[in-house]
Amino acid sequence: MEVRYIEKENALNCMNGKIYVVLAVEKGWYRIIDESGKDYLYPPESFEMVGGGVNDVRDKNFIFTINDVNDNPGKEWYDEACDLIDTNSNEKKEGYLQGLKLLEKSACMGNRDAMNDLGMMYYRGYGVEQDYTLALKWFRRGAAYGSDMAYENLALLYKNGQGVPQNTSVARDMYLAMANKGSTTAMNSLGNLYYLGIDGESDYEQSFRWYSRSAELDDAEGLDETGAFYKKGLVVEQDYKKAAECFAKAACLGDKYAFIDLASMYYHGCYFKQDYGTALYYLRKVVPLNMGIAMNNIGSLYEDGLAVHKNEEIALAWYKRAVMAGYDEGEENVKDLELKRAAKGLSPMSDDAVFHLTTSIFDKIDEALQDADELPESFTLQTKKSSDGLVWADGARDGIYVYHNRYPVPDISPLIHAVREISANHYSIADTMLLDFFDDEENVMIACMEAVQKWILTNRDDLDGDRIYAFARSLLINTQEKEIVKFAISVLAIIDLEDDDPVIAIVEKMGLSDEFTLFAIYLLSKLKHGNEKIFEIAQNVHGWGRIHAVEWLEPATEKIRDWLLHEGIHHIMPEYSGAAVANKIGLVERLQAAAPDSREYVDIGNVLQAVLRGMGGPLNEETYKHTDEATECFLAKVVFAPPNEDVYDVLRTIKIYFGAKKDRNYQDYAKRAQAVLRDRVQSEREQLHEWPGD
């Protein structure tokens, strides 16, 4: 494609027919603009001279070696490469290398996104040896093909002097070009560049200008950095309120540093009331992001006994984990506490101990989910036997209490005392009291919940509700004790959480563990769209959690009613849900409408069987009032039903259940079931002797 540089109307006629106008030649780079007004800056290697020298571009012919910037060939290879790289960690070299080869293939076809990604691979050393020179090559090529991301990454190399001599002025000019096109990333880069200094001279006013411009566009990083200026009072009047608003908005948008800044505001009592529990909550939010500074600060809270009981062992674990995450400032803290351990004759802490002491119940659930909708079948929080030798399934102790009231209500005065200490901002005392109370395995929250909630509501005028809420919210993601998690959810359940999406999301995630489903759905049931959330949980739990979810789930839609019929009793003990499902789906009406040869008829029979087994064992006979009518309807149609082992099981249950009754009508049900079973068995025996051709 030929390019002619014209004195005034600097037009570039490309092969695709588009017109590009040369705006200027800046430091050897060509700034061009297309018909839509979008501009680009291309390095010299994007052009080849045809005759004449390179110093004077006027009246010279050029070959513009760049394809149409809107054309992105090799997309299929690029998409496949992204899938391979996304699903393979850097340690899994095979998948990574396959992805890299496809990226190179796509890039050689002219795919600008592939060029940028290749540059980033070499820049970070992902799957390849870190090589700034090759990163420079691919970023330049991607920028020349119209990739704004590659262009900004190229500016980063000039800023840091990686692969090219450091030149902050060139980096600034490149970032300016992108910022003027609306790139918040470039605006933030300019803010950082001016803050650190261009050619060694900082310009905080320009830094604030670009960060605040990014913040106006609701960019998370721009908001967090703007908040930092207001917090420090740097080039603007110190304003903790504006700082807090910026940090909070940035945190909602996912900026990890904003959580650290919010924690600092609560820790020091800047604008917010000093609250170590909330500080801890925000610090724990970014632990999964491997934020070393957050881990170090959590260690400090444990060492000083702020928001939590004082515990140097747990403090050391957090300090060590911070160092593992690359936070070198934690090394001195590790050294001090290791010396104290050595003086007590204790051995150095192992890495396994570090992660055991710093992993909360929420962390375990969150890690096990791994972006899935349900926990693996092997997941459990029960790891030890109780004093009576039982190993309880997750949620089983609470389930037995609900259905059989096995445990007496303990003396809740220690919990009341803990709530008073929380209200008085004595968080570490309250934390210790909760640990002591629930250390007794006979003290279970399910037995205390109603009394504790009632006491808090009765005395709410004398309590600091904000502190109680903050502490309960912190416990939710911080504690390693199951009953304390339940205490936290029980407290949060009597607080209006309708608009607290982060806490609701945590509760929903906790509810996917059978151990906490009952408490989670109790809280969710109080929300406007709580039933929909309970339905989501019900579909993704399979043990005691489903038993509880089915009990609480309202049959508000046909979709829910159908699910209850086909899946509601499919868990560890169907008899516990039979009556609830029968009542919610309208068992008799469904039986009357179902064809005897349909899957629905079979599933209805399974529900009836669960009802009968429940009435004969764990549940009260009054739980389902239409058993006789449902049984009559089932038997009336069963003679027309095709052979089915599930149906036979229902008939056997009818025979056993009603056969034990003295009432003549009930005996009749048993005889009818027996007759159908006998006829079916006889018929099948006869069919076995009917050979083809007889």
Side-chain angles (χ1 to χ4, degrees), residues 392-407 446 514 517-518 521-522 534 538-539 541-555 560-591 594 600-635 638 644-663 665-670 672-674 677:
W392 292 91
D394 287 346
R397 291 193 76 185
D398 293 339
I400 296 302
Y401 178 86
V402 169
Y403 287 96
H404 303 289
N405 199 21
R406 173 171 174 173
Y407 309 108
I446 189 68
D514 289 300
T517 306
L518 174 59
I521 60 180
Y522 173 75
I534 293 172
Q539 296 173 82
V541 288
H542 303 279
W544 274 97
R546 180 166 289 189
I547 295 173
H548 295 310
V550 166
E551 190 69 38
W552 283 79
L553 184 62
E554 293 294 333
I560 293 176
R561 289 189 288 274
D562 284 344
W563 180 86
L564 283 167
L565 169 61
H566 300 300
E567 300 292 337
I569 62 166
H570 292 298
H571 47 69
I572 53 174
M573 285 178 286
E575 58 268 27
Y576 278 85
S577 295
V581 171
N583 283 315
K584 292 178 182 185
I585 66 171
L587 183 63
V588 173
E589 291 76 8
R590 296 292 284 251
L591 261 171
E600 181 164 333
Y601 180 77
V602 174
D603 286 340
I604 290 171
N606 290 333
V607 174
L608 176 60
Q609 181 181 44
V611 169
L612 295 176
R613 288 180 175 175
M615 292 171 66
L619 304 178
N620 189 299
E621 294 197 12
E622 299 301 318
T623 54
Y624 184 62
K625 298 182 181 298
H626 307 288
T627 309
D628 297 356
E629 191 177 355
T631 304
E632 175 65 44
C633 191
F634 181 84
L635 290 172
V638 73
N644 185 289
E645 189 58 39
D646 285 347
V647 172
Y648 294 170
D649 277 345
V650 180
L651 289 169
R652 293 186 190 104
T653 300
I654 292 173
K655 172 189 169 185
I656 293 169
Y657 177 76
F658 288 104
K661 302 286 184 180
K662 295 181 179 180
D663 186 282
N665 291 331
Y666 288 161
Q667 290 286 331
D668 183 56
Y669 290 152
R672 289 167 63 186
Q674 173 64 23
L677 284 169

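When reading the values below, keep in mind they use all heavy atoms of this one structure, side chains included, and skip hydrogens, waters and symmetry mates.
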For residues [X] and [Y], report the shortest heavy-atom separation together with the two atoms involved.
X: R561; Y: I585; answer: O-CG2, 3.5 Å
X: I560; Y: P555; answer: CG2-CA, 3.9 Å
X: V541; Y: R546; answer: O-NE, 2.9 Å
X: V581; Y: V550; answer: CG2-CG1, 3.7 Å
X: I547; Y: S577; answer: CA-OG, 3.8 Å
X: G578; Y: V607; answer: O-CG1, 3.9 Å

Are there more than 12 heavy atoms of other residues, nucleotides or ligands under 6.0 Å from atom NZ of K584?
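It does: K584 NZ has more than 12 such atoms within range.
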
Partner set under side-chain hydrogen bond (donor to acceptor under 3.5 Å, both in side chains) for E567, not counting sequence neighbours
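Counting only residues at least two positions away or on another chain, E567 forms no side-chain hydrogen bond (donor to acceptor under 3.5 Å, both in side chains).
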
With a 3.5 Å distance limit and no angle check, can you tell me whether [X] reaches the backbone of [Y] through a side-chain donor-acceptor pair?
X: Q609; Y: T653; value: no
X: Y657; Y: A670; value: no
X: E575; Y: V611; value: no
X: Q667; Y: K661; value: yes

Would you please indicate yes or no on a ring centroid separation below 6.0 angstrom for H548 and W544?
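They qualify: ring centres under 6.0 Å apart.
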
Evaluate the side-chain proximity of [Y] to [X]: yes if any heavy-atom separation is below 4.5 Å, no if none is.
X: E551; Y: Y403; result: yes
X: D646; Y: Y601; result: no
X: D628; Y: F658; result: yes
X: E645; Y: V602; result: no
X: D668; Y: R672; result: yes

Between [atom1] on residue [X] and [atom2] on residue [Y], distance to nearest 0.5 Å:
X: D603; Y: R590; atom1: CG; atom2: CZ; answer: 9.5 Å
X: H570; Y: W563; atom1: NE2; atom2: CH2; answer: 10.0 Å
X: R613; Y: L608; atom1: CZ; atom2: CG; answer: 11.0 Å
X: H542; Y: D514; atom1: NE2; atom2: CG; answer: 8.5 Å
X: L564; Y: N583; atom1: CG; atom2: CG; answer: 11.0 Å
X: L587; Y: F634; atom1: CG; atom2: CZ; answer: 10.0 Å

